[in-house]
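As structure tokens, the structure follows; a few thoughts come after it.
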Amino acid sequence: MKSLFTIFLILTLAGCSTKNPDDKASYQEWKEMQSFHAIMAEAFHPYKDSANLAPAKSLAAEMANEAAKWVGAPLPGKVDNEEMKTKLQNLNTGSQTFLKLVTDSSPDSVLAQSLTGLHNLFHEIQDGWYGAGKEDHKEHH
């Protein structure tokens, strides 16, 4: 039984390690995406998991700052196109708007809608990065 478990464990680990070997390196290649994602995750997941907007409110300025840095940074070649530039500009504008909404003490329902929109747009950008150059990417959009 132990040897069967060991074989299963080895196959599982081998499958995980060969699934997408470029994903981690690829993700780190675009450091601005990684930086923004770290903040977005801290801001969005407490809201998604328990309707807690406090972390998003406290991270609004940092998120707006990271979005401004990201939109001003050079794009990696595989996503250096007008569609990605537009999405990044929209993310920056949306992040600045979210900060203003927080500063103006807008209702939580307005903040939640804005934060959700930013999160969804971030995932469009992330999907564009991972799908760039892949044949099946265009079929999904």
Joint cluster assignment, Met40 & Leu99, ILVMFWY side-chain distance < 4.5 Å: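 Per the 4.5 Å side-chain linkage, Met40 and Leu99 are not co-clustered.
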Shared hydrophobic cluster, Tyr47 / Leu59 (ILVMFWY, side-chain heavy atoms < 4.5 Å): yes
Passing option when Leu115 is tested against Asp108, Val102, Leu53, Asn120 for side chain to side chain contact (heavy atoms under 4.5 Å, CB included): Leu53
Whether [X] side chain and [Y] backbone form a donor-acceptor pair below 3.5 Å:
X      : Y      : value
Asp104 : Ser106 : no
Lys87  : Leu121 : no
Ser114 : Val110 : no

Which atom of Trp129 lies closest to which atom of Glu29, heavy atoms considered: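 Here Trp129 and Glu29 meet closest at CH2-OE2, 3.7 Å.
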Quick one: does [X]'s side chain get under 4.5 Å of [Y]'s, heavy atoms only?
X     : Y      : value
Trp30 : Val79  : yes
Phe44 : Thr116 : yes
Asn52 : Pro55  : yes

First locate atom [atom1] of [X], then atom [atom2] of [Y], and finally report the distance between them rounded to the nearest 0.5 Å.
X      : Y      : atom1 : atom2 : answer
Gln113 : Leu101 : CD    : CG    : 10.0 Å
Ile39  : Phe122 : CD1   : CZ    : 10.5 Å
Met84  : Lys78  : CE    : NZ    : 9.5 Å
Lys31  : Met33  : NZ    : CE    : 13.5 Å

Residues, nucleotides or ligands: over 12 heavy atoms within 6.0 Å of Lys85 NZ: yes
Side-chain donor-acceptor contact under 3.5 Å, Gln126 with His123: yes
Could you list the donor-acceptor pairs under 3.5 angstrom formed by side chains in residues 62-77, with sequence neighbours left out?
from: Glu66; atom 1: OE2; to: Lys69; atom 2: NZ; distance (Å): 3.3

